[in-house]
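Some notes on the structure that comes next.
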Protein chains: 2
Amino acid sequence: MEVTNKYVTIKRHVEGTPKESDFEIKTVTLCLSIDSGCGDIIVKNLMVSIDPYQINRMKSYSSSHETISYAKGIVPGEEIEAYGVARVLVSENPEFEKGDLVIGVITWGEYSKIPSGRMIRKLEPMGLPLSYHVGFLGFSGLTAYAGLFEICKPKKGDKVFVSAASGSVGNLVGQYAKLFGCYVVGCAGSNKKVKLLKEKLGFDEAFNYKEETDLKSTLKRYFPDGIDIYFDNVGAEMQEAAISNMNTHGRVAVCGVISEYTDSGKRAAPDMTSVIYKRIKIQGFLAGDYMHVYPDFLSKTNDYLSVGKLQVLEDISYGLESIPCAFMGLFRGDNIGKKLVQIAEE
Amino acid sequence: MEVTNKYVTIKRHVEGTPKESDFEIKTVTLCLSIDSGCGDIIVKNLMVSIDPYQINRMKSYSSSHETISYAKGIVPGEEIEAYGVARVLVSENPEFEKGDLVIGVITWGEYSKIPSGRMIRKLEPMGLPLSYHVGFLGFSGLTAYAGLFEICKPKKGDKVFVSAASGSVGNLVGQYAKLFGCYVVGCAGSNKKVKLLKEKLGFDEAFNYKEETDLKSTLKRYFPDGIDIYFDNVGAEMQEAAISNMNTHGRVAVCGVISEYTDSGKRAAPDMTSVIYKRIKIQGFLAGDYMHVYPDFLSKTNDYLSVGKLQVLEDISYGLESIPCAFMGLFRGDNIGKKLVQIAEE
């Protein structure tokens with residue numbers, strides 16, 4: 001048996017900001033029979049995650065990050081792996097049966113053939129929308145949780161600054177930090193987002209960085225007593241400004257540097273003399289290193305959710321064809337909260 | 001009773017590289033009688049430490065580091081505090097008696113009046129030269145020890161890179177790392193220093209950075225399997241090159257950034273995408289935060305010393321008048337090992 005499988009791919013390696021012409025949708029025939037006992041499964045994709053880091057895989061560079069599976073370069077024309085939820089159609093893996101709902105590394109396509117050994121597991125939706133599992137309870141949530149609690153080790157009353165604060169990770173960092181008892185300021189790229197941070201998510205303050213001319217002074221205004229924790233999602237001049245406003249023993253969790261991804265000339269050059277005198281820690285991290293805190297993250301997050309203390313911020317587009325646009329939108333700041341694409345309804 | 005006290009000071013705030021004309025020697029009369037029971041002491045200075053960080057105190061900038069005593073701005077014309085060894089002449093402090101040998105914060109002068117509460121303690125020289133106590137067994141040693149073991153947490157076999165490796169701290173970092181079982185490469189600014197690192201201090205490799213044109217490639221050559229630990233004494237392009245050659249979970253201890261101190265336009269702008277993917281930690285630190293490891297540092301260091309496993313690298317000038325030249329020499333790389341000035345012989 002066969003199906004027609006459409007998937008999104010890149011026509012060429014992407015330079016700078018991704019453009020519509022960089023993408024194409026390919027249509028291939030997928031054979032639904034697989035070798036008996038080979039461990040592979042074929043799934044029908046339902047919902048996928050759209051994340052900024054994917055741009056790094058689309059670039060033409062001799063990556064030194066090839067040892068990390070999700071940093072591997074994408075070959076133009078080939079399928080693009082992404083985190084998502086799917087339904088098992090065919091299984092030659094004893095762990096899965098036809099009809100199982102699974103979550104893990106699928107593709108930006110209608111169907112995915114998933115080789116044995118790839119990160120995928122059965123999903124019990126627990127009455128929650130599938131989108132929650134892909135975003136909020138998936139890597140976006142774990143990234144926020146581990147970055148804040150494991151890297152930055154907040155104390156009650158710490159002053160926390162979050163950039164891209166209405167993004168998939170940032171909004172949760174701010175909410176966790178508030179619930180923990182920190183003073184939280186976020187920045188975002190529109191007044192609508194700023195309003196949302198303050199009114200819906202409970203941030204103490206928020207500002208539109210596009211309306212500021214001197215970020216160092218801006219942060220001085222919002223943090224007259226200095227910043228203890230900076231959760232960095234953007235890099236470049238914002239990181240420099242945050243570090244120049246940091247307190248002694250300040251911690252910077254470098255989660256993402258979206259402003260540098262599409263502009264290779266953009267870099268943060270923080271004042272290292274300050275880094276020394278203030279004993280600042282700048283730490284890059286990946287959520288995948290913190291799977292051991294996942295149970296803790298999940299139980300705390302579910303608790304907050306069940307009592308209405310945590311807001312879920314999602315931005316869902318519909319249909320495979322919307323993936324390129326959804327992805328490009330990340331770099332224009334179109335999304336509010338976690339960006340997802342629902343490929344199929346069940 | 002009075003003495004004539006000569007001391008070194010700055011005529012004005014220093015911009016860029018320190019010049020002879022920035023300094024002057026002042027002569028004042030120091031009254032040797034102090035208020036009874038006030039807690040002050042007056043000491044005759046014997047040996048002082050000459051350190052690059054002092055340049056930051058000589059600059060005219062509104063420092064955000066004023067909370068750290070030894071980062072406080074120096075007022076032109078006034079005495080300059082420095083670590084050193086002295087002999088008590090007059091004491092109105094019950095902790096000290098006339099004739100005691102003391103170590104701590106004195107001044108670049110012949111005599112110092114030390115107010116109650118300043119960091120100073122009695123010194124038992126244990127048969128070792130006073131210079132050892134000021135340098136090697138003082139903050140230079142503790143900086144090397146704490147930076148390497150507490151910040152970088154080496155594992156046997158780790159690949160360690162040290163910049164300014166023949167400097168007061170760098171040479172010890174390399175020696176401790178070798179003794180611990182690491183692979184150690186150092187860089188320095190002359191072929192004489194490179195020879196010394198390899199032949200006398202036991203570094204696995206060393207290179208003259210002034211003879212290299214592309215530091216990233218240079219480090220690739222010396223670390224084909226990547227760098228696990230970078231002990232940074234220089235900052236700027238060397239830090240960038242080291243980070244670009246780092247392995248996953250690499251650690252950068254930022255101890256000093258001497259190349260940035262005299263050139264405000266110089267900054268390190270490491271690739272933050274690499275910092276994320278490789279989960280690199282960049283940590284500024286000050287030895288003063290690690291006084292709790294001082295006993296451990298002292299006993300290990302004395303053990304190594306007594307069995308001849310650690311080489312002491314010192315560079316001593318003589319006479320108060322030599323201080324400006326000794327200090328300026330730090331920024332030309334004149335010194336090999338710990339720079340000290342012996343102000344008086346006993």
Side-chain angles (χ1 to χ4, degrees), chain A residues 53 55-56 59 61 63-68 70-71 143 147 151 220 226 232-236 239-240 243-261 264-286 288-290, chain B residues 53 55-56 59 61 63-68 70-71 143 147 151 220 226 232-236 239-240 243-261 264-286 288-290:
Chain A
Y53 78 83
I55 190 72
N56 296 318
K59 292 176 190 169
Y61 68 144
S63 170
S64 56
H65 315 306
E66 294 287 319
T67 48
I68 303 165
Y70 58 90
T143 300
I151 304 281
K220 182 86 195 155
D232 190 5
N233 290 307
V234 305
Q239 190 191 92
E240 287 178 27
I243 287 174
S244 85
N245 277 283
M246 282 207 117
N247 291 328
T248 299
H249 298 297
R251 294 132 272 163
V252 179
V254 192
C255 171
V257 289
I258 193 169
S259 78
E260 301 184 23
Y261 292 159
S264 62
K266 251 193 176 178
R267 289 276 182 98
D271 175 7
M272 280 291 149
T273 306
S274 283
V275 169
I276 297 168
Y277 282 134
K278 299 197 281 190
R279 295 86 118 187
I280 291 170
K281 177 175 83 168
I282 303 169
Q283 172 86 62
F285 76 102
L286 295 174
D289 290 340
Y290 295 90
Chain B
Y53 78 83
I55 190 73
N56 297 318
K59 293 176 191 168
Y61 68 143
S63 172
S64 56
H65 315 307
E66 294 287 318
T67 49
I68 303 166
Y70 59 90
T143 300
I151 305 282
K220 182 88 195 154
D232 190 4
N233 291 306
V234 304
Q239 190 191 92
E240 287 178 27
I243 287 174
S244 85
N245 276 284
M246 283 208 117
N247 290 329
T248 299
H249 299 296
R251 292 135 273 162
V252 179
V254 192
C255 171
V257 289
I258 193 168
S259 78
E260 301 183 23
Y261 292 159
S264 62
K266 252 194 175 177
R267 289 276 184 96
D271 175 7
M272 280 291 150
T273 307
S274 282
V275 169
I276 298 168
Y277 282 133
K278 298 197 280 192
R279 294 86 118 189
I280 291 170
K281 178 175 81 166
I282 302 169
Q283 171 85 62
F285 76 103
L286 294 174
D289 290 340
Y290 296 90

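Throughout, protein chains are lettered first and strands after them, A, B, ... in sequence-line order, and every chain is numbered starting at 1. Note that the coordinates shown come from a computational prediction; the quantities given were computed from them, not determined experimentally.
- Of all heavy-atom pairs between B:Ala269 and A:Ala269, the closest is CB-CB, 3.9 Å.
- With a 4.5 angstrom heavy-atom cutoff, B:Asp289 touches chain A only via side-chain atoms.
- For the pairing with B:Ile282, the side chain to side chain contact (heavy atoms under 4.5 Å, CB included) check across A:Gln283, A:Lys281, A:Met272 returns one residue only, A:Met272.
- For the atom pair B:Lys278 NZ and A:Leu286 CG, the distance stands at 12.5 Å (nearest 0.5 Å).
- Annotation: maximal heavy-atom pairing with chain A below 4.5 Å, among B:Gln239, B:Glu240, B:Arg251, occurs at B:Gln239.
- For the pair B:Tyr261 and A:Ile276, the tightest heavy-atom approach, listed with the atom from each and the gap, is OH-CD1, 4.1 Å.
- Listed by chain and number, the residues in a side-chain contact (heavy atoms from CB on, under 4.5 Å) with B:Lys266 are B:Ala236, B:Glu237, B:Ser259, B:Glu260, B:Asp263 (sequence neighbours excluded).
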